[in-house]
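Single-structure report; data block below.
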Amino acid sequence: MNLKPGDPILVLTGAGISKESGLDTFRDADGIWAKHDLADVATPDGFRRNPALVLDFYNARRRQLTEQDVQPNAAHRALAALERTWPGEVLLVTQNIDDLHERGGSANLIHMHGELLKARCLDTGSVFDWRDDITLDSRSPASGQSGGLRPHIVWFGEMPIEMDRIYDALMTCRLFVSIGTSGHVYPAAGFVQQASMAGAWTVELNLEASSGHGLFDEAIHGPATELVPAFVDRLLAHVDAA
């Protein structure tokens, strides 16, 4: 890895980084999609057919996220330390809809699939902080309409958030790190190829090999709470040695 202090770094995270904080993943054998049909709870058509079902699904996820024992882990904190210490931009792009990166200290962050603790007005598109349940009677602060809110989540068939900024970062980063991702969900699954074609060194840190692990220059497998702090220490050693 030929990385110089100050080179831009882009980090992509998925559900694997939050699993050790006690949150359910989506694609494991016992994950959320094994218990729910994504067409019913994670698509615009599903919301139109049965909004109460979709709202209940995300209300349950939101309540789990706000439980006292769900806290940032060592991997979240290590990425925040990298952002604070690396003498260049560290952009964190997460597929996760939880707020564990923020609570762990990260600030330069894009939630490409939305945020569980936010709600969106169906009429205006305005986004609000929202920690309570969303129901069919919830009133939108923007439109004043009852039943005028949806979760601020990117559903299947919808465009992820801030893609222009993400693609610009993929073209300029010198290191791309993918942490805790399955490699199944696009466009994120294609980021490694774009970063590689632009000349970045690419690294996978994952509990087990993802479906695209062969696309990375380097793949290290094990728990995120062990791998991420060790990898961050390795990167910061570049700064100490400079």
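Note that CG of D99 is 8.5 Å distant from CG of L116, once rounded to the nearest 0.5 Å. Rounded to the nearest 0.5 Å, atoms OG (S106) and CD (E83) are 5.0 Å apart. Note that CG of D132 is 8.5 Å distant from OG of S138, once rounded to the nearest 0.5 Å. Here the straight-line distance linking atom OG of S18 with atom CD of Q95 works out to 11.0 Å at 0.5 Å rounding. Going from atom OG1 of T94 over to atom CD1 of I110 covers 11.0 Å, rounded to the nearest 0.5 Å. Expressed to the nearest 0.5 Å, how far CH2 of W130 lies from NE2 of H152 amounts to 14.5 Å.
T172 is linked by a side chain to side chain contact (heavy atoms under 4.5 Å, CB included) to nothing, counting only residues two or more places apart in sequence or in another chain.
The backbone N or O of G125 lies less than 3.5 Å from no partner atom in the side chain of R120, so there is not a single donor-acceptor pair. No donor-acceptor distance shorter than 3.5 angstrom exists from the side chain of T43 to the backbone of F156, with no hydrogens or angles considered. At distances below 3.5 Å, not a single donor-acceptor pair connects side-chain atoms of W86 with backbone N or O atoms of V232. Counting only distance, with no hydrogens or angles, the side chain of R103 and the backbone of Q71 share no donor-acceptor pair below 3.5 Å. Put simply, the side chain of D133 never gets that close to the backbone of T135: no donor and acceptor are under 3.5 Å apart. Distance alone, capped at 3.5 Å, is enough to place a donor-acceptor pair between the N59 side chain and the I134 backbone. N73 contributes a side-chain N or O that, together with a main-chain N or O of I17, makes up a donor-acceptor pair within less than 3.5 Å. A side-chain donor-acceptor contact under 3.5 Å links E20 to the backbone of A224.
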For residues 195-206, dump all side-chain donor-acceptor pairs below 3.5 Å to protein atoms at least two apart in sequence or in another chain.
from	atom 1	to	atom 2	distance (Å)
W201	NE1	E218	OE1	3.1
T202	OG1	D217	N	2.9
T202	OG1	D217	OD2	3.2
E204	OE1	S210	OG	2.4
E204	OE2	S210	N	3.3
E204	OE2	H221	NE2	2.9
N206	OD1	G180	N	3.3
N206	OD1	T181	N	3.3
N206	ND2	T181	O	3.1
N206	ND2	E208	O	2.8

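Two different hydrophobic clusters hold V93 and L79 under the rule that ILVMFWY side chains link at heavy-atom gaps under 4.5 Å. Linking Ile, Leu, Val, Met, Phe, Trp and Tyr residues whenever their side-chain heavy atoms come within less than 4.5 Å places Y167 and M171 in a single cluster. Residues V192 and L91 are members of one and the same hydrophobic cluster, defined by side-chain heavy-atom contacts under 4.5 angstrom among Ile, Leu, Val, Met, Phe, Trp and Tyr. Side-chain heavy atoms closer than 4.5 Å link hydrophobic residues (I, L, V, M, F, W, Y) into clusters, and following such links, even through other members, never connects I97 to M112. Connection of Y58 to L53 is established within a shared hydrophobic cluster, with ILVMFWY side chains joined at heavy-atom distances below 4.5 Å, either directly or through further cluster members.
Contact detail for L136 and A52: the closest heavy-atom pair is CD1-CB, 4.1 Å. Nearest approach of P229 to E226, heavy atoms of both residues: CD-O, 3.7 Å. Contact detail for L207 and P223: the closest heavy-atom pair is CD1-N, 3.9 Å. P5 and P87 make their closest contact through CB-CG, 3.8 Å (heavy atoms, listed as atom of the first residue, atom of the second, distance). The shortest heavy-atom contact between P72 and S21 is C-OG, 3.9 Å. Taking all atoms of both residues into account, the shortest heavy-atom contact from P151 to L55 is CD-CD2, 3.8 Å.
Other residues, nucleotides and ligands contribute only 12 or fewer heavy atoms inside 6.0 Å of the CZ atom of R131.
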- Message: Could you go through E158 and R150, starting from their C-alpha distance and side-chain angles, then the distance that decides it, and tell me whether this counts as salt bridge (Lys or Arg N to Asp or Glu O under 4.0 Å)?
- Response: CA-CA 14 Å; E158 296 181 326; R150 59 164 278 182; 2.9 Å; yes
- Task: With side chain to side chain contact (heavy atoms under 4.5 Å, CB included) as the test, would you mind laying out the steps for F231 and L82 before giving the verdict?
- Result: CA-CA 10 Å; F231 188 75; L82 177 65; over 6 Å; no
- Message: Is there a side chain to side chain contact (heavy atoms under 4.5 Å, CB included) between V228 and V177? Walk through the geometry before answering.
- Response: CA-CA 10 Å; V228 178; V177 186; over 6 Å; no
- Item | Pair L23-N96, side chain to side chain contact (heavy atoms under 4.5 Å, CB included): steps then yes or no | CA-CA 10 Å; L23 291 182; N96 298 336; over 6 Å; no
- Task: Go through the steps to decide whether L170 and I166 satisfy the test side chain to side chain contact (heavy atoms under 4.5 Å, CB included), and finish with yes or no.
- Result: CA-CA 6 Å; L170 286 167; I166 293 170; 4.1 Å; yes
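Counting only N and O atoms by type, the side chains of T124 and S143 include no donor and acceptor under 3.5 Å apart.
Taking a cutoff of 4.0 Å between a charged side-chain nitrogen and a carboxylate oxygen, D168 and R165 do not qualify as a salt bridge. A salt bridge does not link R61 to D98: none of the charged side-chain nitrogens sits closer than 4.0 Å to a carboxylate oxygen.
Counting only heavy atoms from C-beta outward, the side chains of V70 and L100 approach each other to under 4.5 Å. Counting heavy atoms from C-beta on, the side chains of I161 and V154 come closer than 4.5 Å.
Listed by first and then second residue, the ring pair (Phe, Tyr, Trp, His ring centres under 6.0 Å) pairs that reach into residues 94-123 are H76-H101, sequence neighbours excluded.
Ring pair F47/W155 is tilted by interplanar angle, where 30° to 60° counts as tilted.
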